[in-house]
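Inspection log for the structure reproduced underneath, given as structure tokens.
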Amino acid sequence: MKIYNTMNNHKEEFNPISNDKINMYVCGPTVYNYFHIGNARPFLFFDVVRRYFEYCGKKVTYVQNITDIDDKIIDQAIKEKSSFQEISERYTKAFYEDLQALNIRKADHNPRATEFINEMIELIRDLINNGYAYESNGDVYFKVEAFEGYGKLSGKNLEDLKAGARIETNNQKSNPADFTLWKKAKEGEPKWDSPWGAGRPGWHTECVVMSRKLLGGTFDIHGGGVDLIFPHHENEIAQAEAINGIRLANYWMHNGFLNINGDKMSKSLNNFFTTRDILKKYDADVIRFFFLSKHYRSPIDFNEDIIIESKTALNRFYEALGHIQILSLSDTKKDYDATLSGFIDGFKQAMEDDFNTAKAISILFDITREIWSDQNDTQKKQQAGLLLVELGQVLGFFSDLEKKLSSNVDQYAELLIQLFIEHRIQAKKDKNYSLADKIRQDLNAIGIELQDTASGTSWKVKK
RNA sequence: GGCGACAUCGCCAAGUGGUAAGGCUAGGGUCUGCAAAAUCCUCAUCCCCGGUUCAAAUCCGGGUGUCGCCUCCA
């Protein structure tokens with residue numbers, strides 16, 4: 001298994017700390033709104049990472065934090081004339097709902113920042129006592145020059161940071177690059193008591209405390225979006241390694257950004273799409289296909305055309321699974337021959353190469369071809385179908401096959417449709433094609449599509 | 001200004017030294033009374049210039065273009 005490690009900027013052999021157990025931590029949402037389609041990318045991708053490890057027989061402990069106290073939440077609370085608790089409560093709930101709708105499994109632990117305030121205060125106190133942080137007028141800052149390795153993840157050094165620093169309005173800091181550990185509460189803001197007065201912790205501290213508590217010392221994988229490399233992950237490393245004296249994480253994985261119609265998502269362009277809204281129009285598998293058909297580190301563009309393309313492509317899988325009536329095969333024993341086993345190897349090879357999901361998906365299309373191939377007997381086709389589902393589910397597809405492949409109409413409607421079909425067959429026998437076409441068109445108008453095949457006329461509900 | 005990434009068929013996208021996966025679209029075939037759906041077949045020498053090598057989309061140098069990060073945006 002090779003993983004691209006941001007720490008060294010190249011692919012490395014992945015050596016987990018424990019052979020059969022993998023610990024991973026992925027930065028979760030700040031719950032001040034519904035998450036947008038860009039946020040969905042890391043959630044979905046790391047879900048696949050986890051599924052793949054589990055497919056390989058590893059035990060995964062997956063931690064994803066929820067930032068439930070933060071400036072943005074406070075702003076939103078003011079805007080909605082609500083409390084920060086109400087806001088974070090509401091959008092935490094929405095977060096879980098949207099994850100489920102995307103068939104993203106919940107993490108093993110979803111620690112919330114407000115549950116760890118005491119631990120954060122302790123950490124900040126320890127940092128001060130060890131000379132890594134200082135208090136300044138009710139705020140506490142991390143002293144970046146005190147930590148030797150500062151900048152090692154993002155490839156920055158303090159000189160560059162100083163040169164590139166924006167105009168610093170905060171003169172409480174002794175160095176503009178120092179970052180906030182504790183923020184003094186302004187009038188009316190949420191606050192917790194601390195040795196430095198009432199306030200709230202800075203964002204970078206929570207992940208340090210939570211990962212230490214839930215994963216112990218050094219863990220295997222830390223993930224998130226590229227934008228988190230600096231400053232967030234850099235600052236996590238500084239705090240954790242200054243105090244613990246050991247590495248925070250061995251592998252740092254970062255997914256690329258998502259653009260909308262070629263533009264960066266931004267408020268001014270008003271091109272934010274919430275995942276929730278997109279799910280109203282497109283199936284979770286379509287969104288998943290869109291993401292996974294590109295490498296996770298590449299920047300990708302989200303637009304309507306590409307989603308429709310994903311939908312069309314994905315449909316090939318469903319057509320094939322419907323063709324062999326996969327639902328009736330639930331009790332069928334898996335018995336893959338050399339060809340099919342070869343696909344498993346190819347799939348694994350792709351995934352082991354820094355999670356090349358695009359390549360892995362191409363294997364799914366190869367398997368699909370086996371389902372249709374005239375060279376294969378029924379049994380082989382069925383086995384191919386079982387394999388398609390098995391590997392597809394490693395990528396998180398096919399979560400609700402029953403619902404997607406069944407017609408979902410009641411028995412009387414079904415009988416009526418059959419009745420129309422029989423009348424149409426009679427009309428065709430009588431060479432009354434105008435009537436036959438009318439029946440077909442009318443059924444089509446109410447969403448029932450007829451298809452004349454060699455074995456008779458079949459129908460399905462249009463999607 | 002500093003650091004870094006990327007540039008492959010009309011579109012999306014794999015590919016890190018041995019002679020270009022896959023998907024969408026398109027064209028052609030099969031099936032059909034006609035359709036639709038489905039399926040099968042066909043379709044690129046890899047931004048430009050130079051270099052290394054028996055051999056480069058893949059390595060090196062230069063150019064052009066696009067993009068990201070540089071204090072809280074996944």
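Every chain is numbered from 1 and lettered A, B, ... according to where its sequence line falls, protein lines coming before strand lines. Note that the structure is a prediction, hence the values are computed from the model and not measured.
Residue order along RNA chain B, read from the 5' end via each residue's closest nucleotide, puts A/H295 first among A/T312 and A/H295. Between A/P299 and A/G28, the residue anchored nearer the 5' end of RNA chain B, judged by the nucleotide with its closest heavy atom, is A/P299.
Between A/F355 and A/Y4, the distance from one ring center to the other does not fall under 6.0 angstrom.
With hydrogens and angles left out, the side chain of A/D353 and the base of B/rG15 share no donor-acceptor pair within 3.5 Å. At a cut-off of 3.5 angstrom, counting only N and O atoms as typed in the model, there is no donor on one side facing an acceptor on the other between the side-chain of A/D227 and the base of B/rC70. The base of B/rA35 sits with one of its N or O atoms less than 3.5 Å from a complementary donor or acceptor on the side chain of A/R440.
Partners of A/R112 under the salt bridge (Lys or Arg N to Asp or Glu O under 4.0 Å) rule, at least two apart in sequence or in another chain, are A/D68, A/E89. In this view, A/S328 satisfies the side-chain hydrogen bond (donor to acceptor under 3.5 Å, both in side chains) rule with no residue, not counting sequence neighbours.
Distance check on atom P: B/rA57 versus B/rC67 gives 28 Å, rounded to whole Å.
Taking atom CG of A/L405 as the reference point, atom P of B/rA38 lies 15 Å away to the nearest angstrom. If you take CG of A/L228 and P of B/rG68, they are 16 Å apart, rounded to a whole angstrom.
Taking a pair to require two hydrogen-bonding distances under 3.5 Å in either a Watson-Crick or a G-U wobble arrangement, B/rG4 pairs with B/rC67.
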